[in-house]
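The structure appears right after this line, and notes come after that.
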Amino acid sequence: MSTATDTRNDPAAADGVPMVSADGVRKRFGAVEVLKGITLEVGRGEVVVLLGPSGSGKSTFLRCINHLEVVNGGRLTVEGELVGYREHGGKLHELPEKEVVRKRAEIGMVFQRFNLFPHKTALQNITEAPVLVRGTKRKDAEARGRELLERVGLGDRCDAYPTQLSGGQQQRVAIARALAMDPKLMLFDEPTSALDPELVGDVLDVMRDLAKAGMTMVVVTHEIGFAREVADRVVFMDDGVVVEAGPPSEVLDAPQHERTKAFLSKVL
């Protein structure tokens, strides 16, 4: 991945359009409303960590950003463009699936589970999407894949299958796979929660390197140390709303809301 210009301290960089803009975003599953009006902006090059108890809507919001979940209300844009929709005559019309897939390819996402193809090597897992979705020549995709595996510390495991890799190594392959599409935004949904404690550090190191390179990142995690060290902002969510948001030094060390204080008292 080419090193991005470091704009982390300037959320209004470039043309002033935020990377992610959510305005009153709502999402329900049946009768249960999981997101109850999320309003939040993520600047270009900014690292935002979402904290909160299970069921607070963090992962759902992340999945709405790349249209894995369809929002039921409000507006959600990435670089000023509606996610999954076009606006015509004052109404929103869902884009064809092919167009959604093309847009989604610009947003990398790393899940709790690695979702690697078990019958493909690490390198093959990484090259599949650029070849099939972007039409990249296989030779070029493989060269890029080797470069990315080297970057995540797995340059010697190109030919290894997922069963031959530890959980932490598989997650680093998953990160390399997402980076192979040259995304403008990376979403991480509790990327270390399925790992043994001794494997967490290597994955967080890769994420730290991405942050230093200026990658825009939205991270759902319970790794408070990572949030304190890497995040530009910490957003605490509970019951489908943003309760509190601000720099890590404020939200983590001097929370204003009682719900935030109660949560942090259990995880710090």
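For this chain, numbers begin at 1 and follow the sequence in order.
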Open item on the list: Quick check on salt bridge (charged side-chain N to carboxylate O under 4.0 Å, His left out): which of Arg259, Lys58, Lys36 does Asp238 satisfy it with?
Closed with: Arg259
Are any side-chain N or O atoms of [X] and backbone N or O atoms of [Y], one a donor and one an acceptor, separated by less than 3.5 Å?
X: Lys27; Y: Val70; result: yes
X: Thr192; Y: Leu195; result: no
X: Thr260; Y: Pro255; result: no
X: Thr216; Y: Gly45; result: yes
X: Glu33; Y: Ala31; result: no
X: Asn72; Y: Arg28; result: yes
X: Glu69; Y: Thr60; result: no
X: Glu99; Y: Pro96; result: no

Any heavy-atom pair between the side chains of [Y] and [X] that's under 4.5 Å?
X: Pro53; Y: Phe236; answer: yes
X: Asn115; Y: Arg177; answer: yes
X: Leu40; Y: Val20; answer: no
X: Arg104; Y: Glu97; answer: yes
X: Val218; Y: Met19; answer: no
X: Arg44; Y: Glu79; answer: yes
X: Leu82; Y: Arg86; answer: no
X: Lys120; Y: Thr127; answer: no

- [ ] Please work out which of the three classes, parallel, tilted or perpendicular, describes the rings of His67 and Tyr85, given edges at 30° and 60°.
- [x]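 Judged by the thresholds at 30° and 60°, the geometry between Tyr85 and His67 is perpendicular.
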Check the hydrophobic clustering (I, L, V, M, F, W, Y; side-chain heavy atoms under 4.5 Å; chains of links allowed) and say if [X] and [Y] are grouped together.
X: Leu132; Y: Leu179; value: no
X: Met181; Y: Val110; value: no
X: Ile224; Y: Val234; value: yes
X: Val101; Y: Phe111; value: no
X: Ile126; Y: Tyr161; value: no

TODO: Under the side-chain contact (heavy atoms from CB on, under 4.5 Å) rule, what do Leu264 and Leu252 come out as? Steps first, then yes or no, please.
DONE: CA-CA 7 Å; Leu264 290 174; Leu252 299 179; 3.9 Å; yes
salt_bridge([X], [Y]) N-O dist < 4.0 Å:
X: Glu81; Y: Lys103; value: yes
X: Asp253; Y: Arg228; value: yes
X: Glu258; Y: Lys261; value: yes
X: Arg151; Y: Asp209; value: no

Closest approach of [X] and [Y], non-hydrogen atoms and distance?
X: Ala178; Y: Gly108; answer: CB-CA, 4.1 Å
X: Leu95; Y: Val100; answer: O-CG2, 3.8 Å
X: Glu244; Y: His257; answer: OE1-N, 3.0 Å
X: Leu199; Y: Gly168; answer: CD1-N, 3.7 Å
X: Ala105; Y: Val133; answer: CB-CG1, 4.2 Å
X: Leu149; Y: Cys158; answer: CD1-SG, 3.6 Å

How many angstroms lie between atom [atom1] of [X] and atom [atom2] of [Y], to the nearest 0.5 angstrom?
X: Thr221; Y: Gln112; atom1: OG1; atom2: CD; answer: 10.0 Å
X: Asn125; Y: His119; atom1: CG; atom2: NE2; answer: 8.0 Å
X: Leu210; Y: Met186; atom1: CG; atom2: CE; answer: 6.0 Å
X: Gln164; Y: Thr121; atom1: CD; atom2: OG1; answer: 9.5 Å
X: Asp189; Y: Phe61; atom1: CG; atom2: CZ; answer: 12.5 Å
X: Leu185; Y: Met217; atom1: CG; atom2: CE; answer: 10.0 Å

Open item on the list: Counting only heavy atoms not in Arg63 (residues, nucleotides, ligands), do more than 12 fall under 6.0 Å from its CZ?
Closed with: yes
TODO: Give a yes or no on this: more than 12 heavy atoms of other residues, nucleotides or ligands lie within 6.0 Å of atom CZ of Arg138.
DONE: no
Task: Working for side-chain contact (heavy atoms from CB on, under 4.5 Å), residues Leu165 and Phe114 - done: CA-CA 11 Å; Leu165 301 172; Phe114 326 120; over 6 Å; no
Open item on the list: Between Val203 and Glu223, does the side-chain contact (heavy atoms from CB on, under 4.5 Å) criterion hold? Intermediate values first, please.
Closed with: CA-CA 12 Å; Val203 173; Glu223 299 289 341; over 6 Å; no
Open item on the list: If you apply the rule side-chain contact (heavy atoms from CB on, under 4.5 Å), what do you find for Met207 with Val47, and how did you get there?
Closed with: CA-CA 10 Å; Met207 295 170 65; Val47 178; over 6 Å; no
